[in-house]
Amino acid sequence: MNFARPNYLYLLGLIPLAATFLAWAASRRRAALARIGLPDLIATLSASVSRRKRRWKTVLWLVALVALVVALARPRWGTQVTVKAQEGVEVMVALDVSSSMLAEDVKPNRLTRAKLTVEELMDRLGGNDVGLVLFSGAAFIQFPLTTDFNTARAFLEGAGPGSISRPGTALEEAIRVALDGFPEERATSRVILLLTDGEGHEGDPLAAAREAAEQDTVIYAIGFGSPEGEPIPIRDDGGAVGDYKKDAQGKMVLSRLDEVTLQQITAETGGRYSRASAGGEEIGAIVEAISALETGEKEGQFETYGVERFEWFAGAALLALTAETFVSDRKSGRKRKQD
């Protein structure tokens, strides 16, 4: 047996105090009678009083008090298994971890800001499932749909360009892998959130977006970077910038935000594109849009919990109080005649 509210059991410490108080009150009553100083009168007045019944009334009152305290603690024994239906929106976040996301036109850099966006999304979407796809030249699911955001944050922290060896920005594959991350035969709303600079167009991302629309999946996107372009720093082991990324001809590579492609992708599904801002207002707008989607019932989860039995003790308390009321502290007529 265990208790849902075990703190109430501390009240049982008051029971000995209550018993002591009742005993003290009875002794004070006897002392008050003794001070009258008329033994014959006292004997006459107390002839009908049954001390045994009075003790029983006290015991019943204390039993009721104990049972009431135990009922307040909500005792449980035995178990019951139920299926709890859940409602919400499923969100697969596709995070670009290509080297271009290390550009610093968004402070401290695009990738760090994108990670902070994912964390803020999890903070604001409590109760909804969030999964994460990492992509650059390839894509894979870093963690599946979950509400265990503490564990998810640990996986998110280690995400970076080293997570995927193939260079590039494979938006099409990222969208398709995210689609595969949604379980089949669920009625809940589905969302893919792209966090990327949009640069690099391996495959056909618009075809993947149209496939998402056919599966009733809405794509939102936040673009990190600037259309003007920014060099990609190469840092040494100490974190200092030692050089910048160059192409095969030795020219410095400028990574540019491709807003046109991201706008086209989101338009295919009725979603929304936003550019990452200094204050992060875009995540609030996207969260509101996601929250406004019709929520559906997700696959139920089995829950095992203890069966509460507080009503037994509440009933015992009521029974004891009722019995205490009907027990008279007077002797029966036959008993008084015998005395």
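Bear in mind that the values here come from a model prediction, so they are computed numbers and not experimental data.
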Task: Phe149 CZ: over 12 foreign heavy atoms closer than 6.0 Å - done: yes
TODO: Any chance you could measure Gln215, atom CD, to Thr269, atom OG1, to the nearest 0.5 Å?
DONE: 12.0 Å
- [ ] Any chance you could measure Ser255, atom OG, to Arg110, atom CZ, to the nearest 0.5 Å?
- [x] 3.5 Å
Open item on the list: Within the structure provided, determine whether Ser98 and Thr196 are in side-chain contact (heavy-atom separation under 4.5 Å).
Closed with: no
TODO: Please say whether more than 12 non-hydrogen atoms of neighbouring residues, nucleotides or ligands are located less than 6.0 Å from CZ in Arg166.
DONE: no
Open item on the list: Set out, in order, the CA-CA distance, both residues' side-chain angles and the distance that settles side chain to side chain contact (heavy atoms under 4.5 Å, CB included) for Asp96 and Leu195, then state yes or no.
Closed with: CA-CA 6 Å; Asp96 186 351; Leu195 304 178; over 6 Å; no
Task: Verdict with reasoning, Leu257 to Phe224, per side chain to side chain contact (heavy atoms under 4.5 Å, CB included) - done: CA-CA 7 Å; Leu257 170 62; Phe224 294 84; 5.9 Å; no
Open item on the list: Within the structure provided, determine whether Leu14 and Leu17 are in side-chain contact (heavy-atom separation under 4.5 Å).
Closed with: yes
Open item on the list: Suppose the criterion is side-chain hydrogen bond (donor to acceptor under 3.5 Å, both in side chains): which pairs have a residue in residues 219-233, not counting sequence neighbours?
Closed with: Asp105-Ser226
Task: Heavy-atom side-chain proximity of Asn128 to Ile290 below 4.5 angstrom - done: no
Task: Separation between CD of Glu173 and CZ of Phe135, rounded to the nearest 0.5 Å - done: 10.0 Å
Open item on the list: Please check if the number of heavy atoms outside Lys107 that lie under 6.0 Å from its NZ is greater than 12.
Closed with: yes
TODO: Using a cut-off of 6.0 Å, state whether more than 12 heavy atoms not belonging to Phe310 lie near its atom CZ.
DONE: no
Task: N/O donor-acceptor pair under 3.5 Å between Glu119 side chain and Arg153 backbone - done: no
- [ ] Ignoring hydrogens and angles, state whether a donor on the side chain of Glu199 or Thr169 is under 3.5 Å from an acceptor on the partner side chain.
- [x] no
Open item on the list: Is the shortest side-chain heavy-atom distance between Ile286 and Arg124 below 4.5 Å?
Closed with: no
- [ ] Any chance you could measure Ile265, atom CD1, to Leu171, atom CG, to the nearest 0.5 Å?
- [x] 5.0 Å
